[in-house]
Number of protein chains: 2
Amino acid sequence: MSDHAGQGTQSLSRAFATLNAVAAGKSDLASIGKETGTTRSTTHRLVAFLQREGFIRHVEGRGYLLGTRLIELGAAALTQMPLTVVARPILEKLSDETSDTIHLSVRDGDHVIYVDKISGRRGLEMRSRVGLRKPIAVTGTGKAQMLDLGEDEWARLYSLAQTEALGDDRPPPGFLTWSDYLSSMRDFSLSGYTLEIEENEAGIGCVAAPIRDAQGKIIAGLSVASTQPYISRARLIELAPIVQESAAAISRGMGYVR
Amino acid sequence: MSDHAGQGTQSLSRAFATLNAVAAGKSDLASIGKETGTTRSTTHRLVAFLQREGFIRHVEGRGYLLGTRLIELGAAALTQMPLTVVARPILEKLSDETSDTIHLSVRDGDHVIYVDKISGRRGLEMRSRVGLRKPIAVTGTGKAQMLDLGEDEWARLYSLAQTEALGDDRPPPGFLTWSDYLSSMRDFSLSGYTLEIEENEAGIGCVAAPIRDAQGKIIAGLSVASTQPYISRARLIELAPIVQESAAAISRGMGYVR
DNA sequence: CGACGATATTCCACATTATGGGACCTTATC
DNA sequence: GATAAGGTCCCATAATGTGGAATATCGTCG
């Protein structure tokens, strides 16, 4: 894959390319090597090393897979994010009050990554998952984190999400035109919450609000999401104040005042 | 840290030592460098690289922390474990039936690592967490994965757990002597389930059963855990059949027959 | 203000380190 | 028992990562 790396990091770049290849599903030395452009001996050395470190494991019949050390480090990364500690009790309260699915996400470049989730109690489980990445512009929590940005930046993130949606085998039914998107975002930035109805996945909608740190910067988004019968615009708007209040409570926990 | 590495992996070893240092809480270049034994320039290059890859992020005022890419890869590692996919619905059913906390763990060396968890609905949240490692010999799910081992191996794992427990600031009240431990394990290997009452953490107990793959090898452990008023030996034994049946259902899903 | 310490970042000559070609091993397939 | 596919090991070579020192950045105290 890409090699836009810095100086003095050839072996590192290759090792991480190797890991990415495995993450992408390549499961034998030959295909990993083709992906990273390394010879068999080098590929082997890198894989063996990653294996020793627990980043990769070899499973009889299935080949190379991501290892348990990554599960461990992923969990550690989550707890090093003070946000998740502060937010947990508030997410649980919100879950009790709404019976719906609660999501907490942070921005990661032009995407959003879920850092916590509590499943709803209305049957149907959503496919979202802690660690999942989604384009920032088509998720409720992502849009909540766009509220302080300029319109040109909205445009960029919107078209990026559009590009990714085009690649989908089952494009979401609620995807908005740019002008509809823009006017809705203008409304949201006034009201301080965002809605997202089937822009990202069919049958799923949510209300979200931004979470701020001590400097007033938006650092995360909180949402209540649900499935088909419960995602009428009216019901979501009804939920907005409680989502906003929960987000504000987390913001206070992160040191935000006023 | 340790340098028992293979050939031709100095820079890799150092990069991973760097990552481990950050995971261990070192948050500035100086202390990371001291931990890994690298000079400032080398430390800097490694950290910068890991940062570019999203394995590490720099947070104003808090220094270097584990990055979002690890959260993502951790989640991917979890889904590459077919076990978690197969087990999920069964865990949910068990959760509904018992109202208690459900744990699913796999063996990772001499430890066990939680790969899935559903919190109970009896208030009190346990401190366990997906990605957490515990000594194999003092967890219900760990002991379930020891059932097919020999008594000498039981002894080794027991004393290892003992060593780790000694280091604890608050040693668990239910820690057994070796002879008590051995006789209980002999019972468990006959009955096919295991109990663990406050051997690992005060106020917490569980029943667990082993999960097997197509070759009949034990590959995971499943437990129902609860807190104080619900962890009498009698109640846990009462739960054993349903835990065993759930574990068997997952085993069947993994290809185990008879 | 200007000096200081703590922290991060860049540069470059040098030798230590990672590299890749090829040999070899093991297991499955015909 | 010949062929193939996947994995492992060895070793001479030069390309790579290294560390020292120089530079930049920031905050704080006299």
Side-chain angles (χ1 to χ4, degrees), chain A residues 1-22 24-67 80 214-215 217, chain B residues 1-22 24-67 80 214-215 217:
Chain A
M1 260 189 180
S2 53
D3 271 290
H4 45 76
Q7 302 274 53
T9 49
Q10 185 191 233
S11 59
L12 285 186
S13 298
R14 286 172 163 185
F16 282 84
T18 301
L19 191 60
N20 290 334
V22 175
K26 304 284 172 290
S27 61
D28 62 86
L29 289 183
S31 47
I32 294 169
K34 193 171 354 157
E35 184 87 2
T36 61
T38 50
T39 57
R40 287 191 312 155
S41 49
T42 299
T43 308
H44 177 260
R45 185 164 21 82
L46 297 176
V47 166
F49 177 82
L50 290 170
Q51 223 175 328
R52 242 178 280 131
E53 292 287 320
F55 276 62
I56 280 180
R57 73 207 143 101
H58 195 136
V59 173
E60 201 64 26
R62 301 244 300 135
Y64 295 100
L65 298 175
L66 296 178
Q80 284 195 359
Q215 288 94 67
K217 213 182 90 201
Chain B
M1 254 183 187
S2 51
D3 272 290
H4 46 76
Q7 303 274 55
T9 48
Q10 191 200 81
S11 59
L12 284 186
S13 297
R14 287 171 163 186
F16 282 85
T18 301
L19 192 60
N20 290 335
V22 175
K26 304 283 174 287
S27 61
D28 61 85
L29 290 183
S31 47
I32 294 169
K34 192 169 357 157
E35 185 87 1
T36 61
T38 50
T39 58
R40 284 183 302 154
S41 51
T42 298
T43 309
H44 176 260
R45 185 165 22 82
L46 297 175
V47 167
F49 177 82
L50 290 170
Q51 223 175 330
R52 242 178 281 133
E53 291 288 322
F55 276 63
I56 279 180
R57 73 205 143 102
H58 195 136
V59 173
E60 201 65 24
R62 301 246 298 136
Y64 295 99
L65 298 175
L66 297 178
Q80 284 196 358
Q215 286 94 66
K217 212 183 90 197

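Keep in mind that this is a model prediction, so the values were computed, not measured. We name chains A, B, ... by the order of the sequence lines, and we start the count at 1 in each one. Just so you know, these numbers use all the heavy atoms, side chains as well, and skip hydrogens, waters and symmetry mates.
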Kindly say whether B:L66 contributes a backbone atom to a donor-acceptor pair with the side chain of B:R57 at under 3.5 angstrom? yes
Quick check for you: to the nearest 0.5 Å, what is the distance between B:T9 atom OG1 and B:R14 atom CZ? 11.0 Å
Closest approach of B:A15 and A:L12, non-hydrogen atoms and distance? CB-CD2, 3.4 Å
Residue pair B:D28 / B:Y64: nearest heavy atoms and the distance that separates them: CA-CD1, 4.1 Å
Which atoms of nucleotides 12-20 of chain D (N or O only) lie under 3.5 Å from a protein N or O atom, and what are those distances?
from: D:dT16; atom 1: OP1; to: A:Q10; atom 2: OE1; distance (Å): 3.1
from: D:dG17; atom 1: OP1; to: A:Q10; atom 2: N; distance (Å): 2.4
from: D:dG17; atom 1: OP1; to: A:S11; atom 2: N; distance (Å): 2.7
from: D:dG17; atom 1: OP1; to: A:S11; atom 2: OG; distance (Å): 3.4
from: D:dG17; atom 1: OP2; to: A:T9; atom 2: N; distance (Å): 3.0
from: D:dG17; atom 1: OP2; to: A:Q10; atom 2: N; distance (Å): 3.1
from: D:dT18; atom 1: OP1; to: B:Q10; atom 2: OE1; distance (Å): 3.2
from: D:dT18; atom 1: OP1; to: B:R14; atom 2: NH1; distance (Å): 3.2
from: D:dT18; atom 1: OP2; to: B:R45; atom 2: NH1; distance (Å): 2.7
from: D:dT18; atom 1: OP2; to: B:R45; atom 2: NH2; distance (Å): 3.2
from: D:dG19; atom 1: OP1; to: B:R14; atom 2: NH2; distance (Å): 3.3
from: D:dG19; atom 1: OP2; to: B:T39; atom 2: OG1; distance (Å): 3.3
from: D:dG19; atom 1: OP2; to: B:T42; atom 2: OG1; distance (Å): 2.4
from: D:dG19; atom 1: N7; to: B:S41; atom 2: OG; distance (Å): 2.8
from: D:dG20; atom 1: O6; to: B:S41; atom 2: OG; distance (Å): 3.1

How long is the gap from NZ on A:K34 to CD1 on A:I32, to the nearest 0.5 Å? 12.0 Å
Only one of B:T36, B:L29, B:T42 forms a side-chain contact (heavy atoms from CB on, under 4.5 Å) with B:T18, so which one is it? B:T36
From the 5' end of DNA chain C to its 3' end, which nucleotides mark the outer limits of contact with chain A, defined by a 4.0 Å heavy-atom distance cut-off (strictly under)? C:dA18 to C:dA23
Using only atom types and a distance under 3.5 Å, with no angle test, would you say the side chain of A:Q80 pairs donor to acceptor with the backbone of B:L65? no
Where do B:S11 and B:L46 come nearest, in terms of heavy atoms and distance? O-CD2, 4.4 Å
Can you pull every protein N or O that's under 3.5 Å from an N or O on nucleotides 5-7 of chain D?
from: D:dG7; atom 1: OP2; to: A:L29; atom 2: N; distance (Å): 2.9
from: D:dG7; atom 1: O6; to: A:R40; atom 2: NH1; distance (Å): 3.3

Could you tell me how the ring of A:F55 sits relative to the ring of B:F16: parallel (under 30°), tilted (30 to 60°) or perpendicular (over 60°)? perpendicular
Are A:E53 and B:N20 packed together at the side-chain level, in the sense that at least one heavy-atom pair is separated by less than 4.5 angstrom? yes
